[in-house]
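Below is one structure, written out as structure tokens, with a few remarks after it.
Quick caveat, the model's predicted, so the values are computed rather than measured. The chain is numbered in sequence order, starting from 1.
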Amino acid sequence: LLLIEVTDCGNGFKNIIIPEQINENDILKESGRGIYLINCYADEVKFKENSIIMKKYIDKEVLV
């Protein structure tokens, strides 16, 4: 298990909606893609106050 917790010094996250796909017209926008990409690669994504908690389960046999 790889656990990454990123904490922002801002006010926190409210009403976050993670898109299931990115519109082709929005692919070069400066915002909105990061959380989408995190969700694509992580097995679990949770928001807690001003933190994003991401979990990725890694099979140790894959690492050998």
Side-chain angles (χ1 to χ4, degrees):
L1 169 67
L2 172 65
L3 174 65
I4 300 172
E5 183 170 342
V6 178
T7 303
D8 184 273
C9 60
N11 296 328
F13 302 98
K14 293 181 182 171
N15 303 321
I16 296 290
I17 297 172
I18 302 173
E20 291 187 27
Q21 59 184 351
I22 295 291
N23 184 319
E24 210 174 287
N25 298 326
D26 296 336
I27 200 73
L28 297 177
K29 279 190 174 179
E30 292 185 17
S31 64
R33 294 174 300 166
I35 291 177
Y36 167 76
L37 291 171
I38 288 169
N39 194 50
C40 287
Y41 290 104
D43 292 317
E44 292 180 42
V45 178
K46 294 181 182 178
F47 299 93
K48 179 182 171 188
E49 297 172 4
N50 60 337
S51 296
I52 300 173
I53 301 166
M54 300 161 270
K55 292 182 182 179
K56 179 69 179 175
Y57 297 97
I58 301 173
D59 186 351
K60 66 180 178 179
E61 292 179 13
V62 173
L63 300 175
V64 177

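Of the candidates Ile35, Ile18, Ile16, Val45 forms a side chain to side chain contact (heavy atoms under 4.5 Å, CB included) with just one, namely Ile18.
Hydrophobic cluster membership is shared by Val6 and Ile38, with clusters built from Ile, Leu, Val, Met, Phe, Trp and Tyr side chains linked at under 4.5 angstrom. Residues Ile53 and Leu2 do not share a hydrophobic cluster, defined by chaining ILVMFWY side chains whose heavy atoms lie under 4.5 Å apart.
Sparse packing is recorded around NZ of Lys46, with 12 or fewer heavy atoms of other residues, nucleotides or ligands lying under 6.0 Å away.
For Lys55, the side-chain contact (heavy atoms from CB on, under 4.5 Å) test picks out Leu1, Leu3, Glu44, Tyr57, with sequence neighbours left out.
Ala42 and Lys56 make their closest contact through CA-CD, 4.4 Å (heavy atoms, listed as atom of the first residue, atom of the second, distance).
One distance of note links CG of Asn39 with CE of Met54; it measures 11.0 Å at 0.5 Å rounding.
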